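Everything numeric here is computed off the predicted structure, so don't read it as measured data.
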Amino acid sequence: VQLQASGGGLVQAGGSLRLSCEASGLTFSAFRDYGVGWFRQAPGKEREFVAGMSRSTRAYSYADSVKGRFIMSTDASKKSVYLQMNRLNPEDSAVYYCAATARGPYDSVYKRVVDYQYWGQGTLVTVSS
């Protein structure tokens with residue numbers, strides 16, 4: 001499984017960005033067998049969970065810091081995952097990574113880095129004040 005993230009850039013505080021992550025190396029039906037997540041890593045900080053979707057329930061979960069501002073979605077037909085980021089602030093500046101996991105239980109949203117087996121290369125988001 002390969003993941004390709006895109007959509008990062010420079011935006012002013014209060015603005016919006018939409019990140020995309022396209023999966024390759026697997027079929028459409030296989031894509032639906034993976035839980036997916038977004039993480040971010042700011043300079044000097046550990047990689048942290050941002051948003052994720054469970055493999056079976058397709059339910060979404062968000063970090064408290066982005067709840068109400070970020071919206072995660074998926075399009076299985078395109079084998080893609082999206083992260084709509086609204087009302088951005090400088091604290092949101094980081095490299096954003098998409099990730100996929102095949103681990104179970106399948107109704108959980110996994111929030112630890114170690115739970116994910118596949119990672120995209122990251123896309124940089126910079127929010128200016």
Student: Are R47 and R40 packed together at the side-chain level, in the sense that at least one heavy-atom pair is separated by less than 4.5 angstrom?
Tutor: no
Student: Would you check if Q12 and V127 make a side-chain contact, meaning some heavy-atom pair closer than 4.5 Å?
Tutor: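 Q12 does not reach V127 side chain to side chain.
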Student: Strictly by salt bridge (Lys or Arg N to Asp or Glu O under 4.0 Å), give each pair with a member in residues 55-71 just once, sequence neighbours left out.
Tutor: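 Matches after skipping sequence neighbours: D64-K67, R69-D92.
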Student: Rounded at 0.5 Å granularity, tell me how far OG in S61 sits from NZ in K111.
Tutor: 3.0 Å
Student: Do F39 and E48 have side chains that approach each other closer than 4.5 Å (heavy atoms only, starting at C-beta)?
Tutor: no
Student: Taking the side chain as every heavy atom from C-beta outward, state whether R103 and D115 have any pair of such atoms under 4.5 Å apart.
Tutor: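 Touching, per the 4.5 Å side-chain cut-off.
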Student: For a 4.5 angstrom cut-off between non-hydrogen side-chain atoms, does S6 reach S20?
Tutor: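 Yes; the side chains approach each other to less than 4.5 Å.
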Student: Check whether any side-chain heavy atom of M85 lies under 4.5 Å from a side-chain heavy atom of R18, and answer yes or no.
Tutor: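 M85 does not reach R18 side chain to side chain.
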Student: Please name the pair of heavy atoms, one in S73 and one in Y60, separated by the smallest distance, quoted to 0.1 Å.
Tutor: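 Where S73 meets Y60 most closely, the heavy atoms are CA-OH, 3.4 Å.
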Student: Measuring from L17:CG to L88:CG, what's the distance to the nearest 0.5 Å?
Tutor: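 Between L17 CG and L88 CG, I get 5.5 Å after rounding to 0.5 Å.
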Student: Just by modelled atom types, is the A23 backbone N or O under 3.5 Å from a matching donor or acceptor in the Y118 side chain?
Tutor: no
Student: Keeping S108 on the side-chain end and Y106 on the backbone end, is there a donor-acceptor pair under 3.5 Å?
Tutor: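 Judged by distance alone, no pair lies under 3.5 Å.
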Student: Go through E22 and K79 one step at a time and tell me if the salt bridge (charged side-chain N to carboxylate O under 4.0 Å, His left out) criterion holds.
Tutor: CA-CA 6 Å; E22 183 176 358; K79 294 182 285 185; over 6 Å; no
Student: Can you classify the ring geometry of F70 versus Y96 as parallel (below 30°), tilted (30 to 60°) or perpendicular (above 60°)?
Tutor: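 Answer is tilted, since the angle falls between 30° and 60°.
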Student: Distance check, rounded to the nearest 0.5 Å: C21 atom SG versus Y82 atom OH?
Tutor: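 Between C21 SG and Y82 OH, I get 10.0 Å after rounding to 0.5 Å.
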Student: Quick check on the hydrophobic clustering: are L83 and Y110 connected, directly or via other members, by side-chain heavy-atom contacts under 4.5 Å?
Tutor: no
Student: Of all the heavy-atom pairs spanning N86 and S16, show the shortest one and how long it is.
Tutor: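 The answer is OD1-OG, 3.0 Å.
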Student: Output the distance between atom OH (Y34) and atom CG (L3), rounded to the nearest 0.5 Å.
Tutor: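 Interatomic distance, Y34 OH to L3 CG, rounded to 0.5 Å: 9.5 Å.
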Student: Of the non-hydrogen atoms in V50 and V66, which two are nearest, and what is the gap between them?
Tutor: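 Smallest heavy-atom distance, with atoms named: O-CG2, 3.6 Å.
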Student: Enter the distance from S128:OG to N89:CG here, rounded to the nearest 0.5 Å.
Tutor: 11.5 Å
Student: To the closest 0.5 Å, what do you measure between OG1 (T123) and CD (Q4)?
Tutor: 9.0 Å
Student: Which residues satisfy the salt bridge (Lys or Arg N to Asp or Glu O under 4.0 Å) test with D107, sequence neighbours excluded?
Tutor: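 D107 satisfies salt bridge (Lys or Arg N to Asp or Glu O under 4.0 Å) with no residue once adjacent residues are dropped.
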Student: In this structure, would V81 and M53 fall into the same cluster of hydrophobic residues linked by side-chain contacts under 4.5 Å?
Tutor: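 Linked, V81 and M53 end up in one cluster.
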Student: Return the minimal non-hydrogen interatomic distance between P90 and S129, and the atom names on each side.
Tutor: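 Heavy atoms of P90 and S129 come nearest at CG-CB, 3.8 Å.
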Student: So which atom in A99 and which in Y116 form the shortest heavy-atom distance, rounded to 0.1 Å?
Tutor: CB-CD2, 3.4 Å
Student: Quick check, are the ring centers of W38 and F49 under 6.0 angstrom apart?
Tutor: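 Ring-ring flag for W38/F49: false, centres at least 6.0 Å apart.
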Student: Quick check: is L19 connected to V95 through a chain of hydrophobic side chains (ILVMFWY, heavy atoms under 4.5 Å apart)?
Tutor: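 No, V95 and L19 fall in different hydrophobic clusters.
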Student: Heavy atoms, side chains only, cut-off 4.5 Å: are T74 and V36 in contact?
Tutor: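 T74 reaches V36 side chain to side chain.
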